[in-house]
Amino acid sequence: MNSILSDRILNMEESATLAMAKKARELKSQGIDIISLSLGEPDFKTPKHIQQAAKDAIDEGKYFAYPPVAGYQDLREAIAKKLREENNITQAKAENIVVSVGAKHSIANTFMCLLNEGDEVVIFSPYWVSYAEIIKLCGGVPVLIEGNLENNFKATAAQLEAAITPKTKAVIYSSPCNPTGSVFSQTELEAIAEVVKKHPNMVVIADEIYELINFTGKNFSIASIPGMFERTVTVNGFSKGYAMTGWRVGYICAPLEIAKAVEKMQGQFTSGNTGIAQRAALAGIAGDQTPSKEMAEQYLKRRDLVLGLLRDIPGIKTHVPEGAFYFFPDVTAFFGKSAHGHTVSNADDLCIYLLAVANVSLVTGGAFGAPNCVRISYAASEADLIEALKRIKKALGDLA
Ligand code: PMP
Ligand code: GLU
C-alpha cells in the first residue's frame with residue numbers, strides 16, 4: 001500500500017544527532033551504563049540571572065499574550081546592538097533581526113524564503129547534519145565542497161568558486177564548525193566574500209551559533225566585510241553559548257528584504273517565539289557575560305583533556321579543534337577489523353560497535369558528510385570524558 005505520508009517527509013532523513021541521543025536515552029532507561037557523547041548539548045545549567053529573568057517575567061504577568069512575530073522590540077534592539085558592537089556588523093538594526101524557535105528554525109525559515117525548486121546551495125563540508133535535509137525540503141540541491149583532516153576540514157574559497165553554477169543561490173557554513181570545531185580566520189572569510197561578491201544573486205548563510213565557544217580569541221563575522229551585509233544572513237542563538245538548548249531561541253540578522261520575508265513565513269508557521277523564553281534571552285544577551293566566558297574556559301580545558309586521551313589511542317587521527325565542543329577524528333584505521341561478534345566496515349559500524357561494546361554513544365561522520373570520521377561531543381563532565389575515552393581505547397584495542 002502506498003504511504004499516506006507526503007513524499008516530502010518520506011524522502012527526509014531523520015536527524016542523526018537526535019536519533020543517536022534517543023538511542024542512548026533508551027539504553028540508559030534499560031539500566032545500561034551509557035555515556036552519551038552524541039548530542040551537542042552543554043551539560044551546564046542556564047546561568048542563574050537568565051533563569052531569574054524568566055521567573056520575573058512570569059511574575060510580572062506581562063508576557064503571556066502572542067508576542068510580535070519577529071520578536072520583542074527590546075530583544076531585537078539588544079541583538080542588533082551586540083552585532084554592531086561586538087561583531088562589527090555596523091548596519092545591523094532591530095528591523096534586520098528576526099527571533100525564532102532556535103537557530104534550526106532560523107535556518108529553515110531562511111531557506112524556505114530563499115530557495116526555488118532546483119536552486120543549488122553550496123555547503124562547506126563536513127557540515128551540520130540538518131543543513132542538507134532542510135535545503136532538500138525547500139526544493140534546493142545541496143552541493144558539497146569538502147575539507148579534509150590535512151587542512152583542518154576547511155574547504156577553500158577556490159573550491160567554492162569552482163562549485164558555483166548559474167543555479168547557485170546560497171552558500172552555508174558554520175564557524176566555529178559543527179562537527180569539526182574548526183574556525184574560519186578573517187583572511188579565509190575575506191577570500192570567500194571575494195568569490196561571493198562576483199555573483200550578485202548569491203547569499204551567504206553564516207552560522208555563528210558557537211561564537212562564544214571560540215578558543216582563538218577572535219570571532220570574525222563575514223557580514224562585517226564591506227559589501228557583505230547586503231547579502232549575508234547571520235544565524236546565531238542562545239543554545240550553546242548560554243547553555244539554553246531547551247529554551248529554543250535563535251535569530252537571524254539579514255538584509256531587510258530577507259528579514260521581512262522570514263517574518264512573513266514565521267507568521268504563517270509558528271508566530272513569535274515564547275514570550276518568557278525571549279525575556280530570558282534578553283537577560284542573556286544584555287546581561288553579565290561572565291558565566292558564558294567561564295563555560296568557554298571549561299570547554300577549553302576539556303578540549304585539552306580529550307586531545308591528550310585521543311592521542312593516546314593508536315589508530316585515531318585528529319586535528320586540534322579551535323572552538324565549539326566537538327572532536328572529529330578519522331577512524332579509517334579500524335575499518336575491516338572485527339571483535340566481540342562485530343565487523344567494522346565503516347564509521348556507522350564503528351559507532352554501533354562502540355555503543356554495544358564500550359557503552360559510549362558517538363555520531364557517525366557520515367551524517368556530516370565525512371564517512372571516515374566520527375563525532376565526539378565533549379560537552380560532558382571531565383569524569384565522564386575520562387571514563388568514556390578509557391572505554392573507547394579498550395574497545396578499539398580489541399579490534400583486530
Ligand atoms: N547550527 C549548528 C551548527 C548547530 O550545531 C545547531 C545545534 N544546536 C544549530 C544550528 C541549531 O541550534 P538551536 O536550534 O538549538 O538554536
Ligand atoms: N546541534 C546539536 C548537535 O549537533 C544538537 C542536536 C541537533 O539539533 O541536531 O548535536
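We count ligands from 1, going down the list as the structure has it; atoms in each ligand are counted the same way.
Checked by distance only, ligand 2 and Val129 stay at 3.5 Å or farther apart across all their nitrogen or oxygen atoms.
Pairs engaging residues 366-384 under the side chain to side chain donor-acceptor pair (under 3.5 Å) rule: Asn178-Arg375 [sequence neighbours left out]. Sorted by first and then second residue, the pairs that involve residues 270-315 and meet ring pair (Phe, Tyr, Trp, His ring centres under 6.0 Å), not counting sequence neighbours, are Phe44-Tyr299, Tyr299-Phe325.
Of all the heavy atoms of Thr245, none lies under 4.0 Å from any atom of ligand 2, so neither backbone nor side chain is involved. With a 4.0 Å cut-off on non-hydrogen atoms, Lys104 touches ligand 2 through its side chain and not its backbone. Within the 4.0 Å heavy-atom criterion, neither part of Phe325 lies near ligand 2. Neither the backbone nor the side chain of Val363 has a heavy atom within less than 4.0 Å of ligand 2. At a heavy-atom cutoff of 4.0 Å, ligand 2 is contacted by the side chain of Lys240 but not by its backbone.
Listed by number with element, the atoms of ligand 2 under 4.0 Å from a non-hydrogen atom of Leu18 are 6 (C), 7 (C). The distance from ligand 2 to the heavy atoms of Thr17 drops below 4.0 Å at these ligand atoms: 3 (C), 4 (O), 6 (C), 7 (C), 9 (O), 10 (O).
A salt bridge links Glu161 with Lys198: the closest approach of a Lys/Arg side-chain nitrogen to an acidic carboxylate oxygen falls below 4.0 angstrom. A salt bridge links Glu188 with Lys154: the closest approach of a Lys/Arg side-chain nitrogen to an acidic carboxylate oxygen falls below 4.0 angstrom. Ion pairing between a basic and an acidic side chain is recognised when a charged N comes within 4.0 Å of a carboxylate O; Lys136 and Glu133 show such pairing.
Of all heavy-atom pairs spanning Leu75 and Ala281, the tightest one is CD1-C, 4.1 Å.
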When you check ligand 1 against the protein, what N or O pairs turn up below 3.5 Å? List the atom names and distances, or just say none.
residue  : atom   : partner : partner atom : Å
ligand 1 : 1 (N)  : Asp207  : OD2          : 2.6
ligand 1 : 5 (O)  : Asn178  : ND2          : 2.6
ligand 1 : 5 (O)  : Tyr210  : OH           : 2.7
ligand 1 : 8 (N)  : Lys240  : NZ           : 2.6
ligand 1 : 14 (O) : Ala103  : N            : 3.2
ligand 1 : 14 (O) : Lys104  : N            : 3.0
ligand 1 : 14 (O) : Arg248  : NH2          : 2.8
ligand 1 : 15 (O) : Ser239  : OG           : 2.7
ligand 1 : 15 (O) : Arg248  : NH1          : 2.8
ligand 1 : 16 (O) : Ala103  : N            : 2.6
ligand 1 : 16 (O) : Ser239  : OG           : 3.3

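Here CG of Asn236 is found 6.0 Å from NZ of Lys82. Values are rounded to the nearest 0.5 Å.
Each of Asn273, Thr274, Ile285 was checked for a side-chain contact (heavy atoms from CB on, under 4.5 Å) with Val249, and the lone residue meeting it is Asn273. Screening Ile172, Ile222, Val122 against Val204 for a side-chain contact (heavy atoms from CB on, under 4.5 Å) leaves a single residue, Ile222.
Side-chain contact check for Asn152 and Ser182: no donor-acceptor pair (N or O, by modelled atom type) lies under 3.5 Å.
Partners of Asp312 according to the side-chain contact (heavy atoms from CB on, under 4.5 Å) rule, which considers only residues two or more places apart in sequence or in another chain, are Lys393.
Considering Glu41, Met20, Arg375 only, the shortest heavy-atom separation from atom 3 (C) of ligand 2 involves Arg375.
Taking a 4.0 Å cut-off on heavy atoms, Tyr326 registers as neighbouring ligand 2.
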